[in-house]
Amino acid sequence: MISKGLPGFRDFPPEDFALRAHIFRVWREVAARYGFEEYDGPPLEPLDLYTAKSGDEIVGQLYNFVDKGDRQVALRPEMTPTLARMVGARANGMKKPIRWFSIPQLFRYERQQRGRLREHFQLNCDLIGEAGPLADAEIIALSIDMMRGFGLGPQDVRVRVSDRLFLSSALRQLGIADAMTPLVFQAIDRIEKNAAAAREMLDAHLDTVTVAGVFRLTDPAHRAELRRSISAATHFGAALNALDEMGFGEWIDFDPTIVRGLAYYTGTVFELFDAKRTLRAICGGGRYDTLLGSLGGADLPALGFGMGDVVLGELLKDRGLHPSVGASIDVFVAAVTPADVEHVLKLSHELRDAGLRVEFALNTQAVGKQLNLANARGARLAVVIGPDDRARGEVQLKDLVYKTQEAITDSSLASHLSSLVNDSRLTTPNG
RNA sequence: GUGCCUGUAGCUCAAUUGGUUAGAGCGCCGCACUGUGGCUGCGGAGGUUGCGGGUUCAAUCCCCGUCAGGCACCCCA
């Protein structure tokens with residue numbers, strides 16, 4: 001009896017792997033367009049890499065254990081500490097800003113739900129060494145272009161953006177002490193999901209008038225007005241304007257309830273959601289100017305985002321934007337009689353050497369069955385070889401799509417097939 | 001970690017208020033079809049009804065436990 005896989009861990013049979021490969025491909029293509037270079041690190045790290053500074057939120061759900069050398073280790077729950085270590089070790093010699101991305105598999109020990117497993121792949125894009133607002137615009141633009149790369153538009157995905165500095169100063173104007181800011185952030189983070197709980201948190205620490213002020217600040221009805229109050233002279237205002245100029249204005253929703261849970265964000269924060277809001281966040285990120293220094297790496301301003309493959313995959317399936325499973329071969333080579341198999345083997349390998357994807361029957365089968373298999377594989381072409389053909393130095397070439405057949409001389413076959421297949425690859429989607 | 005809901009063939013679902021040997025469609029395999037494909041017809045394989053226990057003459061159905069999945073919390077990548 002083969003035991004089941006662990007809860008929250010996935011198998012990837014070919015039809016699922018195709019989606020994953022598609023997602024990775026788009027991630028890499030788009031990242032490359034922004035000049036980002038790919039890096040990676042170990043999936044298993046010393047436990048203290050995460051318990052040291054990263055924030056207690058993550059530590060509670062670490063997938064950790066003691067290895068055979070009595071070391072406390074953890075499967076990586078996030079990439080940032082690893083990134084900080086790598087950058088810290090070599091930042092002095094690197095031209096700034098640093099544009100790096102990675103697609104790590106991350107792990108968390110928590111109860112799974114749709115869009116949230118114990119393991120996922122997460123695109124991490126980070127821009128290190130630039131404090132100015134164009135860096136903020138650049139990283140948000142990158143996240144938006146990722147969506148465009150999958151065929152998603154502003155009607156599918158919304159980018160909700162805020163700025164912790166902006167929010168802090170707004171809270172200060174309400175008379176809230178700086179010491180209270182983290183708690184108020186936490187309450188604001190919950191307003192949308194559970195307004196009653198948020199109000200309870202605030203009521204416990206603030207007077208009624210101030211609480212009302214916080215709710216007014218985050219009220220969707222006042223958002224347009226609040227957005228107009230953000231001066232272009234501020235970092236946040238300049239970043240928003242830059243996104244407008246990049247042509248991404250219609251994706252952006254300024255939303256002061258976005259603060260994000262992680263304690264280390266220092267400025268811009270943003271999240272991407274599907275427009276129908278039926279799924280969890282597709283992407284989240286922000287500016288973390290003090291984190292790298294506090295982790296003991298280089299003291300550089302930085303910002304970045306993480307985008308998981310699970311929610312994104314759900315969204316692509318919902319919208320019919322996932323890749324269909326394409327043909328696995330170009331050509332099927334069929335033998336009419338056992339005496340033809342020798343010839344089939346020889347020809348098949350000539351075609352494989354020419355770069356074509358080729359399959360043939362591994363046992364003796366009627367020609368009809370072999371063609372049936374060719375169709376099931378999605379082959380564009382089939383070559384049928386029988387005793388009569390061999391006697392004439394020919395093979396029968398069938399086009400399985402157009403249902404045509406012609407005799408071809410054996411010697412000219414490889415180049416003939418290559419050109420046919422290359423044509424059809426250009427014109428067939430997902431081929 | 002907490003609460004609620006759901007587990008029947010590879011997939012989607014049936015099965016009379018508890019009643020004989022748990023069925024169907026799709027898919028898979030075979031045959032009609034020994035030199036020509038997607039159709040059609042016929043046939044076949046595939047189930048400890050998630051698992052364990054209990055109640056009962058009798059359990060897919062009721063009860064308990066457990067595991068898994070979904071939803072909401074918690075938290076957030």
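Order of the sequence lines fixes the chain letters, A, B, ..., with proteins taken first and strands second; residue numbering starts at 1 for each chain.
The OG1 atom of Thr268(A) sits 4.5 Å away from atom CG of Asp163(A), with the distance rounded to the nearest 0.5 Å.
Rounded to a whole angstrom, the distance from the C1' atom of U60(B) to that of U21(B) is 15 Å. Distance check on atom P: G30(B) versus C67(B) gives 42 Å, rounded to whole Å. A gap of 14 Å separates the P atoms of U20(B) and C61(B), to the nearest Å. Atom name C1', nucleotides C62(B) and A72(B): the rounded distance is 28 Å, in whole Å. Spacing of C1' atoms, C33(B) relative to C39(B), comes out at 13 Å, to the nearest Å. A distance of about 11 Å separates the C1' atoms of G7(B) and C51(B), rounded to the whole Å. Going from the P atom of G3(B) to that of G44(B) covers 49 Å, rounded to whole Å. Comparing the C1' positions of A32(B) and U49(B) gives a spacing of 36 Å, expressed to the nearest Å.
Proximity of the aromatic rings of Phe166(A) and Phe254(A) is defined here by a centroid distance below 6.0 angstrom, and this criterion is met. Ring centroid separation for the pair Phe107(A) and His120(A) does not come in under the 6.0 Å cut-off. Aromatic rings from Phe121(A) and Phe24(A) are positioned such that their centres are separated by under 6.0 Å.
Minimum interatomic distance between Leu351(A) and Val358(A) (heavy atoms only, all atoms of both residues): CB-CG2, 3.6 Å.
A straight line from CG of Leu373(A) to P of G30(B) spans 10 Å, rounded to a whole angstrom. For the pair Arg116(A) CZ and G70(B) C1', the interatomic distance rounds to 14 Å; values are reported in whole Å. In this entry the distance linking CD of Glu15(A) with C1' of G10(B) reads 11 Å, nearest Å. Separating the CE atom of Met201(A) from the P atom of C74(B) is a distance of 11 Å, rounded to the nearest angstrom. Atom-to-atom, CZ of Phe185(A) to P of C76(B) comes out at 15 Å; the value is rounded to the nearest Å. Rounding to whole angstrom units, CZ of residue Arg392(A) and C1' of G35(B) are separated by 11 Å. Gln112(A) places its CD atom 9 Å from the P atom of A68(B), with the value rounded to the nearest Å. Whole-Å rounding puts the Lys398(A) NZ to G37(B) C1' distance at 7 Å.
Inspection of the Gln405(A) and Gln396(A) side chains reveals an N or O donor paired with an N or O acceptor under 3.5 Å. Looking only at atom types and distance, the side chain of Asp410(A) has a donor-acceptor partner in the side chain of His343(A) under 3.5 Å away. A side-chain donor-acceptor contact under 3.5 Å links Tyr288(A) and Asp126(A). When only modelled atom types and interatomic distance are considered, Arg280(A) and Gln113(A) share a side-chain donor-acceptor pair under 3.5 Å. Side-chain atoms of Asn64(A) and Tyr50(A) include no donor-acceptor pair closer than 3.5 Å.
Where Gly284(A) and Ala379(A) meet RNA chain B, the nucleotide closest to each residue was compared, and Ala379(A) sits on the side nearer the 5' end. When each of Asp388(A) and Arg118(A) is assigned the nucleotide of RNA chain B bearing its nearest heavy atom, the one mapping closer to the 5' terminus is Asp388(A).
Within 4.0 Å (heavy atoms only), Arg111(A) reaches at least one base atom of the nucleic acid. Within 4.0 Å of Asn124(A), counting heavy atoms only, lies no atom of the nucleic acid at all. Among the heavy atoms of the strands lying under 4.0 Å from Gly8(A) are primed sugar atoms or P, OP1, OP2 only; no base atom is included. Residue-level contact check: Leu106(A) touches neither bases nor backbone, having no heavy atom under 4.0 Å from any strand. Using a 4.0 Å heavy-atom cutoff across all strands shown, Arg190(A) reaches sugar-phosphate atoms only and no base atom. Heavy atoms of Leu123(A) sit nowhere under 4.0 angstrom from any nucleic acid atom. Lys369(A) comes within 4.0 angstrom of sugar-phosphate atoms only, judged by non-hydrogen atoms across all strands, and of no base.
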Quick one: the dot-bracket string of RNA chain B, using Watson-Crick and G-U wobble pairs with both distances under 3.5 Å, [ ] for crossing pairs and | for bases paired to another strand. (((((((..((((.....[...)))).(((((.......))))).....(((((..]....))))))))))))....
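Side chain Asn372(A) to base G37(B): no donor-acceptor pair is found below 3.5 Å.
Look at Gln405(A) and you won't find any side-chain N or O under 4.0 angstrom from OP1 or OP2 of U36(B). The side chain of Lys193(A) contributes an N or O atom lying less than 4.0 Å from OP1 or OP2 of C73(B).
In this structure, the nucleotide among G70(B), A72(B), G38(B) sitting nearest to the side chain of Arg280(A) is A72(B). Closest to the side chain of Pro7(A), from the set G69(B), C71(B), G35(B), is G69(B). The side chain of Asn375(A) has G37(B) as its nearest neighbour among C75(B), C71(B), G37(B).
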